[in-house]
Amino acid sequence: MTEEDVKEPWHKTWWGIVLIIIFWWVSIPYYIWKKTHWPLWAQIFATIVVVIVLLIPITSGQNATQVSQEQTTTSNDKPTEIKTLKAERDMYLDEKDKAFAKRDAALTERDKALTKLNETSSTLSKVQADLNSKIAAENQAQVEKAKTTFSDGVYLVGTDMPPGRYKGTPNSGKAYWQISSDANGDNIISNGIEAGNFYVQVSAGQYLKIQEAEISLTK
């Protein structure tokens with residue numbers, strides 16, 4: 001027997017073992033079909049198991065790559081999403097600040113209007129008070145004048161009119177006045193026909209008759 005005949009098979013040499021380790025996914029099916037005497041169904045089942053074992057890392061790697069890509073995409077999208085959210089938040093806060101500023105301005109204008117209204121109301125109250133005072137003074141003057149100013153008629157001095165000195169003014173043309181001691185005018189004390197202003201002095205208990213004139217108490 002020659003040296004070549006006793007040479008070890010390649011799969012038992014060191015380099016054969018290295019090749020088997022590197023290409024185990026090929027060597028295992030090879031051994032299953034070439035070096036074993038298993039039934040056909042066992043060889044098919046073993047081959048399927050080997051194929052499944054080979055596919056698991058590949059599938060897992062693809063899934064891992066897909067997940068990594070999705071994570072990378074998500075990671076890349078997050079800054080943009082965060083920026084968008086921040087921009088929307090800043091826009092909302094800006095709009096809110098503007099709304100508050102408008103509200104404050106409206107409140108300020110309202111307060112100014114209320115202040116002006118109060119000032120106007122106060123002024124109107126003062127004007128009304130002054131007007132009422134003037135009206136009251138005029139009414140009082142009219143009352144006082146009515147008490148000391150007399151026109152045509154017969155008056156009992158001391159009852160119908162106060163005693164004193166009166167100034168007379170004719171209404172038109174000539175005026176007539178008469179002082180008597182009785183209401184009928186039978187006992188005439190003095191009288192006169194006046195074309196202009198005149199003065200009459202009367203005492204309590206006397207009767208004064210006025211025609212076509214108006215007289216006012218002077219003192």
Side-chain angles (χ1 to χ4, degrees), residues 73-180 183 185 190-219:
T73 303
T74 304
S75 177
N76 293 332
D77 292 342
K78 280 185 178 180
T80 303
E81 184 179 356
I82 291 173
K83 289 181 180 179
T84 303
L85 292 175
K86 286 184 177 179
E88 291 178 354
R89 182 201 63 185
D90 294 339
M91 185 182 299
Y92 169 76
L93 292 176
D94 185 58
E95 292 297 328
K96 184 183 73 172
D97 292 340
K98 289 181 180 179
F100 281 140
K102 289 182 180 179
R103 183 202 64 180
D104 293 340
L107 291 175
T108 301
E109 292 298 326
R110 184 202 65 179
D111 293 339
K112 289 181 180 179
L114 289 175
T115 301
K116 188 174 182 180
L117 178 61
N118 291 333
E119 292 175 353
T120 303
S121 298
S122 178
T123 302
L124 288 176
S125 298
K126 291 180 180 179
V127 171
Q128 186 64 42
D130 292 341
L131 180 60
N132 292 338
S133 179
K134 290 181 180 180
I135 292 174
E138 291 178 358
N139 291 337
Q140 184 64 27
Q142 292 292 334
V143 171
E144 294 297 329
K145 182 179 179 181
K147 290 181 180 180
T148 58
T149 301
F150 305 91
S151 57
D152 293 2
V154 178
Y155 304 94
L156 175 59
V157 181
T159 300
D160 298 332
M161 60 188 302
R165 187 169 183 265
Y166 287 83
K167 179 182 179 180
T169 302
N171 291 333
S172 60
K174 294 182 180 181
Y176 175 75
W177 62 271
Q178 174 184 297
I179 301 174
S180 61
S190 61
N191 62 359
I193 299 175
E194 311 291 344
N197 294 336
F198 60 93
Y199 292 90
V200 177
Q201 182 72 40
V202 292
S203 302
Q206 294 178 339
Y207 288 89
L208 175 62
K209 182 178 181 179
I210 298 296
Q211 288 180 341
E212 297 297 328
E214 182 179 86
I215 59 174
S216 298
L217 183 65
T218 57
K219 63 177 182 178

Note, [X] side chain near [Y] side chain (heavy atom, < 4.5 Å):
{"X": "Lys86", "Y": "Ile82", "result": "yes"}
{"X": "Ser151", "Y": "Ile210", "result": "no"}
{"X": "Tyr166", "Y": "Met161", "result": "yes"}
{"X": "Ser172", "Y": "Glu212", "result": "yes"}
{"X": "Gln128", "Y": "Ser125", "result": "no"}
{"X": "Lys96", "Y": "Leu93", "result": "yes"}

Step-by-step side-chain contact (heavy atoms from CB on, under 4.5 Å) determination, Leu107 to Arg110: CA-CA 5 Å; Leu107 291 175; Arg110 184 202 65 179; 3.9 Å; yes
Can you name the nearest heavy-atom pair linking [X] to [Y], along with the distance?
{"X": "Gln178", "Y": "Asn191", "result": "CA-CB, 3.8 Å"}
{"X": "Ala204", "Y": "Pro163", "result": "N-CB, 3.9 Å"}
{"X": "Gln206", "Y": "Ile179", "result": "OE1-CG2, 3.5 Å"}
{"X": "Lys209", "Y": "Val154", "result": "CG-CG2, 3.9 Å"}

Supply the atom-to-atom distance [X] [atom1] to [Y] [atom2], rounded to the nearest 0.5 angstrom.
{"X": "Ile215", "Y": "Asn197", "atom1": "CD1", "atom2": "CG", "answer": "12.5 Å"}
{"X": "Lys102", "Y": "Lys98", "atom1": "NZ", "atom2": "NZ", "answer": "8.0 Å"}
{"X": "Asp90", "Y": "Asp94", "atom1": "CG", "atom2": "CG", "answer": "8.5 Å"}
{"X": "Glu214", "Y": "Asp152", "atom1": "CD", "atom2": "CG", "answer": "9.5 Å"}
{"X": "Thr218", "Y": "Lys167", "atom1": "OG1", "atom2": "NZ", "answer": "9.0 Å"}
{"X": "Ser122", "Y": "Leu117", "atom1": "OG", "atom2": "CG", "answer": "11.0 Å"}

Tell me, yes or no, whether the heavy-atom count around Leu156 atom CG, taken from other residues, nucleotides or ligands under 6.0 Å, exceeds 12.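 Enclosed: over 12 neighbouring heavy atoms sit under 6.0 Å from CG of Leu156.
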For the rings on Tyr155 and Tyr207, is their centre-to-centre separation under 6.0 Å? no
How about Ser216 and Thr148: does a side-chain donor come under 3.5 Å of a side-chain acceptor?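 Looking only at side-chain atoms, Thr148 and Ser216 do not form any donor-acceptor pair under 3.5 Å.
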Sole residue of Tyr199, Tyr176, Trp177 in side chain to side chain contact (heavy atoms under 4.5 Å, CB included) with Glu194: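 When Tyr199, Tyr176, Trp177 are each tested with Glu194, the side chain to side chain contact (heavy atoms under 4.5 Å, CB included) holds only for Trp177.
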